Number of protein chains: 2
Amino acid sequence: MVSRLITHIEKQVALSAEEKSIIEDVLFTEHLKKKQFLFKAGEPCRAKYFVVQGCLRLYITNAKGIDQMIQFGIDNWWITDYLGFKYKKPSVFNLQAVNDAVVIAVDEQQMEELSGKIPKLERYFRLVLETAYGASLMRFNYVFNMSGEERYRFFSTMNPDFVQKVPQYLIASYLGVTPEFLSKIRAKKV
Amino acid sequence: MVSRLITHIEKQVALSAEEKSIIEDVLFTEHLKKKQFLFKAGEPCRAKYFVVQGCLRLYITNAKGIDQMIQFGIDNWWITDYLGFKYKKPSVFNLQAVNDAVVIAVDEQQMEELSGKIPKLERYFRLVLETAYGASLMRFNYVFNMSGEERYRFFSTMNPDFVQKVPQYLIASYLGVTPEFLSKIRAKKV
DNA sequence: CAAAAAACTTAATCAAGATTAAGAAAAAAA
DNA sequence: TTTTTTTCTTAATCTTGATTAAGTTTTTTG
């Protein structure tokens, strides 16, 4: 299963057979049960997670006790509390498997070992992060320039399979609307 | 002025004298007049910009013709249309100097030349992007879990000098409220 | 300095979407 | 397959903040 990550890396940087085997020696997969947590708010976030299979959710429980989705983690996506991981502070987010999932965890030590032995992995991560950050800037565009209804129509057009696979209230939260309002939008779909 | 960037890089990775002079040979500063554009929507975005001095704004003109702030670029911050730059597509954003500013532009070719000669710059950019992406995930938290008023109070407490320096309507837009509403919030400040 | 442009304020009206409160349907567990 | 839990729906009411429309102040420019 680590081969799935290697394939993803090779889309950005070339790897020798030796480098691939270094990666396979250092990293291993982790199987998560539905609703299993990788970390909770207040706990340290010790790793970055590459999603091989399934879906994770990064969310925060707000002052009213409502869970607010921050980010989905699906196939070939890196997800973590980047600031918590970086500054070694207790996480403000929760990271949980939405359904049974497979991830590859990379902790600080593994990260340093790998980038020491294979410096071009830094380039891989740089490129991955540019995409993630770029996409997140676009998301602000959607959040500020589209109504809740427009965001839902757009999101479900762009991700038709995904909206079938995860509970609606998670989609609602990710889009910044209540599940009641999303239900209303769907009902009026002609 | 490139030394300002070098100082920033050295906070993340060590540079030899020779490496510093490579950077100084490849990069140079650009002085921007207030309201000058680095690129406009529809144009290619050919570089990443490191803000040495002043303030830039990344924004998009929406369907109603209203400018929506996406991101501010201030001292020691990298700013660009990451997706447009990466995929060489016309930018969807506008990047403009809010006031007179100094930036260091790094285009594709310079980027490749520098990371070829100084591979550890990839690490620098990786670390910079982790912070930017992490901060942007936190911003979604603020957007979804705080009211417009709370966002303004929080933002101006965190950035007291900055809110004095740039027009209010840009702050309003960045926070996702109208300038009229921001004015109302400020008026009722006891 | 005068005129023009840009930025900010005030206030009335309006609408998108939240809240509240059931109840229904679907999925998971026993 | 029955029970329990989770998820989704409907509908009435309410609120935050948008919109519209002046008018005022500040800044810039000729």
Side-chain angles (χ1 to χ4, degrees), chain A residues 32-37 54-55 57 59 61-69 72 96-101 142-156 162-190, chain B residues 32-37 54-55 57 59 61-69 72 94 96-100 142-156 162-190:
Chain A
L32 306 175
K33 288 275 172 214
K34 183 175 179 173
K35 303 215 169 168
Q36 188 179 332
F37 284 92
C55 176
R57 64 167 179 151
Y59 72 94
T61 304
N62 70 21
K64 292 175 193 159
I66 293 169
D67 292 344
Q68 174 61 53
M69 273 296 312
F72 285 113
Q96 187 190 31
V98 172
N99 41 37
D100 289 1
Y142 303 137
V143 167
F144 290 129
N145 286 319
M146 289 169 132
S147 69
E149 175 159 0
E150 287 168 331
R151 289 203 295 282
Y152 174 70
R153 306 253 187 246
F154 181 75
F155 185 84
S156 55
F162 183 73
V163 293
Q164 297 305 114
K165 265 187 267 178
V166 307
Q168 251 181 65
Y169 69 92
L170 291 183
I171 308 275
S173 176
Y174 179 78
L175 296 173
V177 299
T178 57
E180 292 84 355
F181 185 61
L182 183 57
S183 187
K184 199 163 148 187
I185 291 168
R186 287 163 48 85
K188 80 170 166 183
K189 182 151 200 167
V190 179
Chain B
L32 306 176
K33 288 276 170 212
K34 182 175 178 174
K35 304 217 170 168
Q36 187 178 333
F37 285 92
C55 176
R57 66 168 177 150
Y59 72 95
T61 305
N62 69 21
K64 291 173 194 160
I66 293 169
D67 291 344
Q68 174 60 55
M69 274 295 313
F72 285 114
N94 306 274
Q96 187 190 31
V98 173
N99 41 37
D100 288 1
Y142 303 137
V143 167
F144 290 130
N145 286 318
M146 290 168 131
S147 69
E149 175 159 1
E150 285 168 332
R151 289 202 293 282
Y152 174 70
R153 304 253 187 247
F154 181 75
F155 185 85
S156 56
F162 183 72
V163 293
Q164 298 305 114
K165 264 184 271 178
V166 305
Q168 250 181 66
Y169 69 94
L170 291 184
I171 308 274
S173 176
Y174 179 79
L175 296 174
V177 299
T178 57
E180 293 85 356
F181 185 61
L182 183 57
S183 186
K184 198 163 151 187
I185 291 167
R186 287 164 48 87
K188 79 171 166 184
K189 181 150 201 170
V190 180

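Chain identifiers are assigned alphabetically (A, B, ...) following the order of the sequence lines, protein sequences preceding nucleic acid strands; residue numbering begins at 1 within each chain. In this text the structure is predicted, and so the values were computed from the model without any measurement.
- Among the protein residues, A:Ser183 comes within range of the nucleic acid bases, having at least one heavy atom under 4.0 Å from a base atom.
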For B:Glu149 and B:Lys188, run salt bridge (charged side-chain N to carboxylate O under 4.0 Å, His left out): C-alpha distance rounded to whole Å, both residues' side-chain angles, the deciding distance at 0.1 Å, then the answer. CA-CA 11 Å; B:Glu149 175 159 1; B:Lys188 79 171 166 184; 3.0 Å; yes
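- In terms of position along DNA chain C, the nucleotide closest to B:Pro179 lies nearer the 5' end than the nucleotide closest to the other residue of the pair A:Met146 and B:Pro179.
- Using a distance-only test at 3.5 Å, with no hydrogens or angles considered, no donor-acceptor pair links the side chain of B:Ser183 to the main chain of B:Pro179.
- Under 4.0 angstrom from either OP1 or OP2 of D:dT28 there lies no side-chain N or O belonging to B:Lys35.
- The terminal axes of the helix from C:dC1-D:dG30 to C:dA30-D:dT1, fitted over 5 pairs per end, subtend an angle of 60° to the nearest 10°.
- With rounding to the nearest 0.5 Å, the separation of OH in B:Tyr152 from CZ in B:Phe181 is 12.0 Å.
- The CD1-C1' distance, from B:Ile171 to C:dA7, rounds to 13 Å in whole Å.
- With DNA chain D read from its 5' end, the first of the two nearest nucleotides for B:Ser147 and B:Lys34 is the one closest to B:Ser147.
- Remark: P of C:dA26 and NZ of A:Lys165 are 21 Å apart, rounded to the nearest angstrom.
- Closest approach to the A:Pro167 side chain among D:dT7, C:dC8, C:dA11 is made by D:dT7 (side chain taken as heavy atoms from C-beta onward).
- Nucleotide C:dT13 holds its P atom 17 Å from the CD atom of B:Glu180, rounded to whole Å.
- Distance CG (B:Asn99) to C1' (D:dT27): 14 Å, rounded to an integer number of Å.
- In the set C:dG17, C:dC8, D:dT9, C:dC8 carries the atom at the smallest distance from any side-chain atom of B:Tyr169.
- Here A:Glu150 contributes atom CD and A:Tyr142 contributes atom OH; the two are 12.5 Å apart, rounded to the nearest 0.5 Å.
- Ring geometry for B:Tyr59 against B:Phe37 counts as tilted: the plane angle lies between 30° and 60°, on a 0 to 90° scale.
- The nearest whole Å value for the distance from the CG atom in B:Asn145 to the C1' atom in C:dA18 is 14 Å.
- A straight line from CG of B:Leu182 to P of D:dT19 spans 15 Å, rounded to a whole angstrom.
- Base contact: A:Thr178 has a heavy atom under 4.0 Å from a base atom.
- The side chain of B:Lys64 places an N or O atom within less than 4.0 Å of a non-bridging phosphate oxygen (OP1 or OP2) of D:dT19.
- Side-chain contact between B:Asn94 and B:Thr61: present, with at least one pair of heavy atoms (C-beta onward) separated by less than 4.5 Å.
- OP1 or OP2 of D:dT6 has not a single side-chain nitrogen or oxygen of A:Gln168 nearer than 4.0 Å.
- Between A:Glu149 atom CD and C:dA16 atom P the separation is 10 Å, expressed in whole Å.
- Between A:Thr178 and A:Ser173, every side-chain heavy-atom pair lies at or beyond the 4.5 Å cut-off.
- Going from atom CD1 of B:Ile185 over to atom P of C:dA11 covers 16 Å, rounded to whole Å.
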